[in-house]
Amino acid sequence: MSLSKKSQYQGDDDTVTVLLHLQNEILKMIARGAGLTPTCTMLCVEVERILPDVICSVLTVDAAGLLHPLASPSLPEIYSQALDGSSVGPLAGSCGTAAYLKTEITVSDIGTDIRWAQFKHLVLPHGLRACWSSPICDADGRAIATFALYYRNARGPTVFEREVVANCVNLTQIAIERHERVLEHQRRAFTDALTGCPNRAAYHAALSKLEGAAVGSWALFVLDLDNLKVVNDTFGHHAGDGLLQIASNRISAAVSPGRTFRVGGDEFAVILQAPEALCNLEKIADEVLGALSVAADCGGHSIVPRATIGGATVSSDDAGVGSVRQNADFALYHAKETGRGGFIRYWVGLRSNMTRRIGAIRDLSAALREDRIEAHYQPIFRLDTREIVGLEALCRMRIGDNLVSAASFHEATVDAQVATSLTARMMTLVAADLRRWLDLGIPFQHVGINVSSADLSGGAVGQVLAAALERERVPPITSFSR
């Protein structure tokens, strides 16, 4: 945007000075990142200072062709409110017509001009008799705003007023385009690129606004897709991306008007605030699971999305949104333990159970890292001969000088990763002991090792055992002569 050269009509340096000052002040605000409304309001104030006989107004035009007041510091508030949401058109006052035709519209007498027939009753009581409006268009030629001057007398614009407004139109266009770039940047920063859902940053921002909300006024679902990893490993990430997109759309539709967020790889969250949803979380969860249960085409593969949901409602016991989030996480964790593919709502007592379980997982994980897991053996006797025919390997955790039995940390084995790590460690220890016994010529028939359901469901326990025995050069079946 370039400033108009010295007005040939004004004929003195004051015009250039005035316009330069106006331009510099507004461009400084834009450069400092001032908001669109304060910037345009200051522009109107400066124009009214330069042109004391006018009232200045800036309206925006949305994608649907509706007008919205942006800045009009001297117009009556009741009039601005009446304009909000009105549609552009060939008979829509000065501004609505200017935006519709994309050309300036001069109405020198509002009382008699047909373009004001439907709106004059809103403005004439406030002593405004004329209005001149100029459209502001974007690079694609779409009208995005209007810049208008209202007059208290029946007249049109002067040459100097035209020069001022020409600069104002350019300044307003710059301010709006910068504002739209900021909004687009924010949209991208708060939107998941794959699914189009609000992302983790948007989720945290939304939760922060709920801090201090009334008891029972909102609820939270946390949801994991149970089969994303299998789909990725089996059919590739293209199919997995399709699964995420379809699941996102179905979840969003099922919980609407609740808000859905993608907060991680296969993790989604839903904030519910509608009273009908809060009255029956189980029903909403069932609708989500039902919507997901229909087979979908994911990259050319027919896949049924599977999910598990945990939920919590803000209660009087919650210290803040962080407490509600943790409650929902506890519920999800419990839902996964008791059977994937369902919904668990947090209840009082679940937190203490889960806290104890998480503590057990933490302690066992530390013992595995620090090599404090030991294998002890219990003989197995034949009842008739009292002969030792085998051994059972017993897992023990060493804490200082004390040994802790498996019963005290059994809860930790509900975590599949910890359980399989523990089994692998025990197999390594037992294989090493078997090697020593073989070297010493000590006879035995078999050694039993306890495994978890996670080992069996994973299907790799046999491979882990075979690898442990191979490392120690222990044959899977060993016979001894007596």
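One-based numbering along the sequence shown.
- At a threshold of 4.0 Å, the pair Asp439-Arg435 counts as salt-bridged, since one of the basic side-chain nitrogens sits closer than that to a carboxylate oxygen.
- Looking only at side-chain heavy atoms (C-beta outward), Glu387 and Phe381 stay at 4.5 Å or farther from each other.
- Counting non-hydrogen atoms of neighbouring residues, nucleotides and ligands closer than 6.0 angstrom, the CG atom of Leu440 exceeds 12 such neighbours.
- A donor-acceptor contact under 3.5 angstrom links the side chains of Thr195 and Asp192, judged on distance only.
- Here Arg187 pairs with Glu184 in a salt bridge; the nearest charged N to carboxylate O distance falls below 4.0 Å.
- For the pair Leu278 and Gln273, the tightest heavy-atom approach, listed with the atom from each and the gap, is CD1-O, 3.7 Å.
- At distances below 3.5 Å, at least one donor-acceptor pair connects side-chain atoms of Arg425 with backbone N or O atoms of Leu368.
- Electrostatic pairing of Asp224 and Lys336 counts as a salt bridge here, judged by a charged N lying under 4.0 Å from a carboxylate O.
- Using modelled atom types, one side-chain atom of Ser408 and one backbone atom of Ser405 make a donor-acceptor pair closer than 3.5 Å.
- Expressed to the nearest 0.5 Å, how far CD of Gln245 lies from CZ of Arg250 amounts to 12.5 Å.
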Begin from the C-alpha positions of Leu70 and Leu36 and carry the test side chain to side chain contact (heavy atoms under 4.5 Å, CB included) through to its verdict.
CA-CA 8 Å; Leu70 176 61; Leu36 179 61; 3.9 Å; yes
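- Annotation: the span from Arg188 atom CZ to Asn199 atom CG amounts to 13.5 Å, rounded to 0.5 Å.
- Within a 6.0 Å sphere centred on CD of Glu180, heavy atoms belonging to other residues, nucleotides or ligands number more than 12.
- When all heavy atoms are compared, the tightest approach of Gly240 to Leu228 is O-CD1, 3.6 Å.
- Under 4.0 Å is where a charged nitrogen must lie from a carboxylate oxygen, and between Asp140 and Arg142 no such pair does.
- In this structure, His446 places its NE2 atom where more than 12 heavy-atom neighbours from other residues, nucleotides or ligands lie under 6.0 Å away.
- Side-chain contact check for Arg398 versus Val404: every heavy-atom pair is 4.5 Å or farther apart.
- A distance-only check finds no donor-acceptor pair linking the side chain of Ser256 to the backbone of Ser252 [under 3.5 Å].
- Ring centers of Phe221 and Phe268: at least 6.0 Å apart, outside the cut-off.
- With His68 as the partner, the side-chain contact (heavy atoms from CB on, under 4.5 Å) test is satisfied by one option alone out of Asp62, Leu83, Val61, Leu59: Asp62.
- In this structure, the side chain of Asn280 engages the main chain of Lys283 through a donor-acceptor pair within 3.5 Å.
- Within the 4.5 Å cutoff, the side chain of Thr313 has no heavy atoms near those of the Trp218 side chain.
- Residues Leu332 and Val222 come closest through the heavy atom pair CB-CG2, 3.8 Å.
- Thr97 approaches Ala92 most closely through the heavy-atom pair OG1-N, 3.1 Å.
- Counting only heavy atoms from C-beta outward, the side chains of Cys298 and Ile246 approach each other to under 4.5 Å.
- Other residues, nucleotides and ligands contribute more than 12 heavy atoms inside 6.0 Å of the CD atom of Glu282.
- The nearest pair of heavy atoms linking Ala214 to Val314 is O-CG1, 3.6 Å.
- Between Phe261 and Tyr203, the angle of the ring planes lies from 30° to 60°, which puts this pair in the tilted group.
- Leu292 CG to Glu287 CD: the interatomic distance, rounded to the nearest 0.5 Å, is 12.0 Å.
- Remark: side-chain polar atoms of Asn227 are paired, donor with acceptor, to backbone N or O of Val304 under 3.5 angstrom.
- In this structure, CD1 on Ile176 lies 5.5 Å from SG on Cys40, to the nearest 0.5 angstrom.
- Under the 3.5 Å distance criterion, the side-chain polar atoms of Arg325 are left unmatched by any main-chain donor or acceptor of Ala328.
- Judged by distance alone, the side chains of Glu374 and His376 do bring a donor and an acceptor atom under 3.5 Å apart.
- Residue Ile30 holds its CD1 atom at 12.5 Å from CE of Met42, rounded to the nearest 0.5 Å.
- Donor-acceptor pairing under 3.5 Å is recorded for the side chains of Arg471 and Thr428.
- Between the side chain of Lys102 and the main chain of Gly141, a donor-acceptor pair closer than 3.5 Å is present.
- Within a 6.0 Å sphere centred on OH of Tyr100, other residues, nucleotides and ligands contribute 12 heavy atoms or fewer.
- Side chains of Thr308 and Asp226: a donor-acceptor N/O pair is present below 3.5 angstrom, by distance only.
- Annotation: side chain of Leu171 is in contact with side chain of Leu43 (closest heavy-atom distance under 4.5 Å).
- Between Ser72 and Ser80, the side chains place a donor N or O and an acceptor N or O closer than 3.5 Å (distance only, hydrogens not considered).
- Remark: side-chain polar atoms of Ser217 are not paired, donor with acceptor, to backbone N or O of Ala213 under 3.5 angstrom.
- In this structure, Leu422 and Leu364 have side chains that are in contact, with non-hydrogen atoms separated by less than 4.5 Å.
- Between Trp437 and Val447 the shortest side-chain heavy-atom distance falls below 4.5 Å.
- The backbone N or O of Cys137 lies less than 3.5 Å from a partner atom in the side chain of Gln173, making a donor-acceptor pair.
- The neighbour count for Glu392 CD, taken as heavy atoms of other residues, nucleotides or ligands under 6.0 Å away, is above 12.
- For Asp401, the CG atom is loosely surrounded, since the number of other residues' heavy atoms within 6.0 Å does not exceed 12.
- The distance from the SG atom of Cys95 to the CG atom of Leu67 is 7.0 Å, given to the nearest 0.5 Å.
- Counting only N and O atoms by type, the side chains of Arg178 and Thr39 include no donor and acceptor under 3.5 Å apart.
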Report the C-alpha distance between His238 and Asn232 in whole Å, list the side-chain angles of each, state the deciding distance to 0.1 Å, and finish with yes or no for side chain to side chain contact (heavy atoms under 4.5 Å, CB included).
CA-CA 8 Å; His238 179 65; Asn232 281 334; over 6 Å; no
Let's go through Met427 and Ile449 carefully: what are the C-alpha distance in whole Å and the side-chain angles of both, what is the deciding distance for side chain to side chain contact (heavy atoms under 4.5 Å, CB included) to 0.1 Å, and is it a yes or a no?
CA-CA 8 Å; Met427 288 181 174; Ile449 301 176; 4.1 Å; yes
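- Minimum interatomic distance between Ala71 and Cys44 (heavy atoms only, all atoms of both residues): O-SG, 3.8 Å.
- Looking only at side-chain heavy atoms (C-beta outward), Thr423 and Val464 stay at 4.5 Å or farther from each other.
- Counting only distance, with no hydrogens or angles, the side chain of Arg306 and the backbone of Leu225 share no donor-acceptor pair below 3.5 Å.
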Would Leu223 and Val270 count as a side chain to side chain contact (heavy atoms under 4.5 Å, CB included) if you check the C-alpha gap in whole Å, the side-chain angles of each, and the deciding distance to 0.1 Å?
CA-CA 8 Å; Leu223 181 152; Val270 176; 5.9 Å; no
